[in-house]
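So the structure is just underneath, and the comments pick up after that.
Lettering of chains follows the sequences in order, A, B, ..., and the numbering in each one begins at 1. The shown structure was predicted, so the numbers you read here are calculated from the model rather than taken from an experiment.
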Amino acid sequence: MKYDFTAIEKKWQAIWEETKPYAAVTGDTTRPKFYGLIEFPYPSGQGLHVGHPRPFTALDIVTRKKRMEGYNVLFPIGFDAFGLPTENYAIKNHIHPAIVTKNNIANFTSQLKMLGYGFDWDRCVDTTDPKYYKWTQWIFLQMYKHGLAYKATMPVNWCTSCKCVLANEEVVDGVCERCGSEVVRKEKSQWMLRITKYAQRLIDDLDDVDYIERVKIQQRNWIGRSTGAEVTFKTNIGGEVTVYTTRADTLFGTTYMVISPEHPMLNEWKDKIKNWDEVEAYQKEAARKSDFERGELNKDKTGVRLDGIEVENPVTHKMLPMFVSDYVLMGYGTGIVMGVPGHDQRDWEFATKFGLPIVEVVAGGDITKEAFVAKDDSAVMVNSGFLNGMTVKEAIPAMKKYVVEQGIGKEKVNYKLRDWVFSRQRYWGEPIPLVNCEKCGWVPLPEDQLPLVLPQVDSYEPTDDGESPLSKMTDWVNTTCPCCGGPAKRETDTMPQWAGSSWYFLRYMDPHNDKELASKEALEYWSPVDWYNGGMEHTTLHLLYSRFWHKFLYDIGVVPTKEPYAKRTSHGMILGEGGEKMSKSRGNVVNPNDIVAQYGADTMRLHIMFIGDFEKAVSWSNEAVKGSKRFLDRCFNLQDMATDDENISAKNESIVHKTIKKVTQDIDELKMNTAIASMMTMVNEFYANGCSKGDVRALCLLLSPFAPHMVEEMWENMGFAAKEGKMAMQMPWPEYDEAKTVDATREMAVQVNGKLKSTITVPSDSEDSVVIDAACADEKVKRLMEGKQLVKTIVVKNKLINLIIK
RNA sequence: GCCGGUGUGGUGGAAUGGUAGACACGGCGGACUUAAAAUCCUCUGAUGCUUGCGUCGUGCCGGUUCGAGUCCGGCCACCGGCACCA
């Protein structure tokens, strides 16, 4: 019988379309639930990339096995369809983004169906559907009402050539991703989300979830918690300034102060600063610089002394000069830093350049050459008054205690995490459902007016002045205030792409609900997501954002769990042949359609899993695909080779049970490559020993999650479908008998003085004495032992014996 | 600079501290064929000789251990992320 994969796959996909074996049933209490989730794709014009099938196939296999194990499985799919590439394509080709999106989704859908994934298509969501984004807008309004959304003036990325605002992701190495022109910072009023309010909980609750460790580490680092102290310094002009430091112990070594050029206090001091012109020029220069110039290129310290301003060091009582310098960031701490050049390299560079005193307060380095930043905290304090002789470890709390007692400071925790810039001056995003009234200020749209639908516009190109294309729609912009009925204007910015994806997994639970984002029953039943797999690139974006939204929804009683995802895993990238990134310019992009056409979807699925460790990057090889196809051919041919016996044959019993055990364990650990290897080993044995119909039946059940089309065809051909009245995928997952995985005899390694010299075959679980006797009886061992004495033996049961001789 | 990760045959990759290289690609040889493809079977880390055995071998240098790809210390290289966060 020939393995005609094209016909087979077409046939079974039609059957599944018709019978919906993947439908999830909300509220089915007869079975445990399992919610498996993959990151829904952005439906780009290029169609499915070979990178997509890797995570999709892995979780498809996991969820198929869960179904066979009796779970009520939710494995949904949808499309994260708002976003710039679609908008740019629409602008270029003069097609409405909604049409582009519709076409792309249709293309993606057919590609995903072509690969035979067990998605519950009836629950498919599309973030650009007003029925969906109604609830994205609703969540935003709840955040607004709870004070988590606010408007603030923020510097944004501005492309000097395109004359438009760019998202951070569009700025690559300081230039515009599209045109390569310089990107500068421009102040704009933006909607912000107060994610920083959740910083501590976003760290703490990582302890309660099962994420792979590198995801947790990356999130913790990104949130960047640090503990330190705020210390207040008195100024010579009657006020005071506060700094944040993690090194309170170095206060005696503070020889100057630095303030950020954006700091509002500078303006307050305008009259007291004698060289204001110079300071103002520096401020302007700093504002003009791009982040790139300010950061990466220009580590050279610059600054201007504030002539007329001095502050008193509260422990040395010396008067210190104050500088403005752009190495101090306004967004972190207090925007003012105490300069400790002896023990901070940046301060050392600044002090060296400006000829400021460098004082050693921690012994152990050579501060004439560079700042001494102790690697451990056991270094000893010097030149530090009451701290002298203490270690850094002792001095930090001692100084904190001191400043608190003196009323000049307090303990303080800081985070690197910033609030989330939530507006985009773009067309293809969710409209922000707020209006600005001259009398009432910002007023939320009443909830019964949601969704606020994107209006049809003639041109969705960004405007010259950086306003959203929606701002040109005066009919839409001008509206009445829901509060006072007076004239008002709509917000014309839209939400970023991350909005719709921050809660989509909730919508899958109840995707057609028009009363709530999802029913209480559905949320209670399906929450949390049991297993979420996605890319590492989303760790500090989507994954963090959606945890934040979910915690907010938990706080207002919408969702039943604190955390959205119980488990998170991450896949490695698929690289091109030779280990390079796949890209159009390199011409090494693999299109899944081509692989499916040539080898079939089952081979594609199997191969993408076999190719290597799921978590690691692997390079694609067109040559190697043949091996996976060859394996499926060999499986398919077993139908004709097998004897009629429907039991597992005695000669294959051991290998079959071993393989069931291995595949069962490996799927749960996402080690699909070794699961497949063990099935290959089993099939090789079938070829060597012959096999029964029962043996092939076991193979079918194990292989079903990997190669569902071919397995159903074999299952039907061999009469199991008729006999069981079920498809293979609906059968219970096979169980193994531990006793049957054990062979009667074992080959054991024999080492002499730790080196492998021979092997012996002994009955399984032999006593040590039996093994030792057998080893000593071995011809090679006898030769080596001639004239020597056996001083020690080490026996590792069923594996190895090591004879130590002298 | 900081935080992760990786380094194993010609190639992709396997190995709870216990026979390194499972499984696969590629290659050699054989069977089948007029022939080729496909399929099936054998062999395939390097090296030496007497073909049975020896020696070497998991980025480099040390250590722990009866035994190290695996653990520890110190390096090197590459990949990813963050980066003037006080």
Side-chain angles (χ1 to χ4, degrees), chain A residues 2 213-218 220-222 224-226 228 243-247 250 254 258 260 294-296 298-301 325-340 343-347 349-350 373 414-418 536-537 539-540 572-573 575 577-579 581 607 610-613 615-628 630-631 633-634 637 671 673-684 687-688 747-760 780 783 791-805:
Chain A
K2 194 183 169 294
E213 202 51 34
R214 58 196 171 120
V215 168
K216 288 191 183 184
I217 290 167
Q218 215 168 297
R220 285 197 194 102
N221 289 349
W222 182 262
R225 183 182 201 269
S226 82
V243 301
Y244 172 73
T245 179
T246 54
R247 290 295 303 277
T250 61
T254 302
V258 206
S260 165
R294 232 174 121 156
E296 234 164 298
N298 197 356
K299 300 249 176 182
D300 241 17
K301 298 291 179 286
S325 174
D326 64 3
Y327 85 92
V328 175
L329 308 173
M330 190 54 224
Y332 187 75
T334 62
I336 306 176
V337 165
M338 61 185 214
V340 187
H343 306 283
D344 182 288
Q345 189 56 27
R346 297 155 301 182
D347 295 346
E349 284 162 18
F350 188 85
V373 186
N414 258 320
Y415 302 91
K416 286 190 203 171
L417 185 69
R418 301 294 150 80
M536 282 306 288
E537 70 276 17
T539 301
T540 54
M573 259 205 300
L575 304 170
E577 237 150 317
K581 258 189 188 173
H607 190 68
F610 182 59
I611 200 165
D613 187 327
E615 288 207 0
K616 291 183 194 137
V618 281
S619 37
W620 179 266
S621 156
N622 276 329
E623 264 308 298
V625 185
K626 285 183 195 165
S628 298
R630 202 172 285 160
F631 170 64
D633 278 328
R634 280 162 70 82
N637 289 336
K671 287 157 78 174
N673 52 337
T674 50
I676 294 165
S678 73
M679 287 190 278
M680 287 173 167
T681 305
M682 180 168 83
V683 168
N684 289 347
Y687 271 75
E747 190 180 71
M748 287 179 67
V750 179
Q751 294 184 342
V752 175
N753 291 343
K755 294 219 170 199
L756 179 71
K757 292 296 173 187
S758 184
T759 58
I760 53 170
K780 285 179 213 159
R783 243 181 293 141
V791 291
K792 193 176 174 187
T793 57
I794 293 124
V795 180
V796 182
K797 211 160 194 70
N798 293 329
K799 291 233 162 148
L800 164 147
I801 173 166
N802 190 3
L803 305 170
I804 310 302
I805 61 173

Looking at [options], which one has an atom nearest to any side-chain atom of [X]?
X      : options                : value
A/L756 : B/rC66, B/rA86, B/rA20 : B/rA20
A/K616 : B/rU6, B/rA86, B/rU55  : B/rU6
A/V328 : B/rC66, B/rU19, B/rA86 : B/rA86
A/Y687 : B/rC66, B/rC40, B/rG12 : B/rC40

Shortest non-hydrogen contact from [X] to [Y]?
X      : Y      : result
A/F610 : A/S628 : CD2-OG, 4.2 Å
A/L756 : A/A749 : CD1-CB, 3.6 Å
A/I611 : A/S619 : CD1-O, 3.8 Å
A/L575 : A/A617 : CD1-CB, 4.1 Å
A/V795 : A/M748 : CG1-CE, 4.3 Å
A/A624 : A/S621 : N-OG, 3.1 Å

Checking all strands, does [X] fall into the base, sugar-phosphate, or nothing category for heavy-atom contacts under 4.0 angstrom?
X      : value
A/S226 : sugar-phosphate
A/E747 : base
A/R418 : base
A/K671 : sugar-phosphate
A/D633 : nothing

Rounded to whole Å, how long is the line connecting atom [atom1] of [X] with atom [atom2] of [N]?
X      : N      : atom1 : atom2 : result
A/E615 : B/rG13 : CD    : P     : 14 Å
A/N637 : B/rC41 : CG    : P     : 12 Å
A/D326 : B/rA83 : CG    : C1'   : 15 Å
A/K581 : B/rC78 : NZ    : P     : 17 Å
A/I804 : B/rU65 : CD1   : P     : 13 Å
A/Y332 : B/rA86 : OH    : C1'   : 7 Å
A/K792 : B/rU65 : NZ    : P     : 11 Å
A/R247 : B/rA86 : CZ    : P     : 11 Å

Could you write out each protein N or O paired with an N or O of nucleotides 22-32 of chain B at a distance under 3.5 Å?
unit_1	atom_1	unit_2	atom_2	d
B/rA24	OP1	A/N684	ND2	3.1
B/rC25	OP1	A/R630	NH1	2.5
B/rG26	OP1	A/E623	OE1	3.4

Between A/D347 and A/M536, who's closer to the 5' end of RNA chain B by nearest nucleotide?
->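 Per heavy-atom nearest nucleotide, the more 5' residue is A/M536.
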
Between A/G754 and A/M573, name the one whose nearest nucleotide on RNA chain B is closer to the 5' end.
->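 Checking each residue's closest nucleotide, the 5'-ward one belongs to A/G754.
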
Pairwise side-chain contact, A/N753 with A/I805, heavy-atom cut-off 4.5 Å (strictly under) |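 Side-chain contact under 4.5 Å: yes.
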
With distance as the sole criterion, is a donor-acceptor pair present between the side chains of A/N684 and A/R634 under 3.5 Å?
->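 Yes, a side-chain donor-acceptor pair sits under 3.5 Å.
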
Just by distance, with hydrogens left out, do A/S226 and A/Y415 show a side-chain donor and acceptor under 3.5 Å apart?
->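 Distance-only check fails for A/S226 and A/Y415.
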
Sticking with atom [atom1], work out how far [N] lies from [M], rounded to a whole angstrom.
N      : M      : atom1 : result
B/rC75 : B/rA22 : C1'   : 32 Å
B/rC61 : B/rG10 : C1'   : 29 Å
B/rC66 : B/rC25 : P     : 43 Å
B/rC49 : B/rU11 : C1'   : 31 Å
B/rG67 : B/rG74 : P     : 23 Å
B/rA31 : B/rA36 : P     : 11 Å
B/rU51 : B/rA37 : P     : 35 Å
B/rU42 : B/rG30 : C1'   : 7 Å

Nucleotide pairing, RNA chain B (Watson-Crick or G-U, distances under 3.5 Å), in dot-bracket with [ ] and | | (((((((..(((.....[....)))((.(((.......))).))(((((..)))))..(((((..]....))))))))))))....

Taking ring-ring contact (aromatic ring centres under 6.0 Å, His included) as the test, write out the residues that go with A/H607, two or more places apart.
->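 ring-ring contact (aromatic ring centres under 6.0 Å, His included) list for A/H607, sorted by chain: A/W620.
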
Mind checking what makes salt bridge (charged side-chain N to carboxylate O under 4.0 Å, His left out) contact with A/K216, not counting sequence neighbours?
->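 Applying salt bridge (charged side-chain N to carboxylate O under 4.0 Å, His left out) to A/K216 gives none.
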
Supply the atom-to-atom distance A/Y332 OH to A/K416 NZ, rounded to the nearest 0.5 angstrom.
->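 Here the interatomic distance stands at 7.0 Å.
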
Could you check if the base of B/rG74 is syn or anti? Syn means the glycosidic torsion is within 90 degrees of 0.
->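 Anti.
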
Per the side-chain contact (heavy atoms from CB on, under 4.5 Å) rule, which among A/V750, A/V752, A/I794, A/V796 passes with A/N802?
->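 Passing option: A/I794.
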
For B/rA86, does OP1 or OP2 lie under 4.0 Å from any side-chain N or O of A/Y327?
->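 For B/rA86, OP1/OP2 do not have a side-chain N/O of A/Y327 under 4.0 Å.
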
May I ask you to verify if any side-chain N or O of A/K755 is less than 4.0 angstrom from the OP1 or OP2 atom of B/rC56?
->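 Affirmative; the distance criterion is met.
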
Got more than 12 heavy atoms from elsewhere within 6.0 Å of NZ, A/K797?
->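 More than 12 heavy atoms, drawn from other residues, nucleotides or ligands, come within 6.0 Å of this atom.
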
Is the side chain of A/T540 donor-acceptor paired with the backbone N or O of A/W222 at a distance under 3.5 Å, no angle test?
->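 No, the answer is negative, given that no donor and acceptor are paired below the 3.5 Å cut-off.
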
Report yes or no: is the cationic atom of A/K301 (NZ for Lys, CZ for Arg) under 6.0 Å from the centre of the six-membered ring of A/Y327, at an angle within 45° of the ring normal?
->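 So A/K301 does make the cation-pi contact.
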
Sort me out a list of protein N/O and nucleotides 62-64 of chain B N/O pairs below 3.5 Å, or just none if empty.
none

Could you please spell out the steps behind the side-chain contact (heavy atoms from CB on, under 4.5 Å) verdict for A/Q218 and A/M536?
-> CA-CA 9 Å; A/Q218 215 168 297; A/M536 282 306 288; 3.3 Å; yes

Within residues 794-803 of chain A: residues closer than 4.0 Å to RNA chain B (heavy atoms) =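 Heavy-atom contacts with RNA chain B come from A/I794, A/V796, A/K799, A/L800, A/N802.
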
Polar side-chain contact A/K780-B/rC53 base: donor and acceptor under 3.5 Å |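 In this structure, the two groups form no donor-acceptor pair.
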
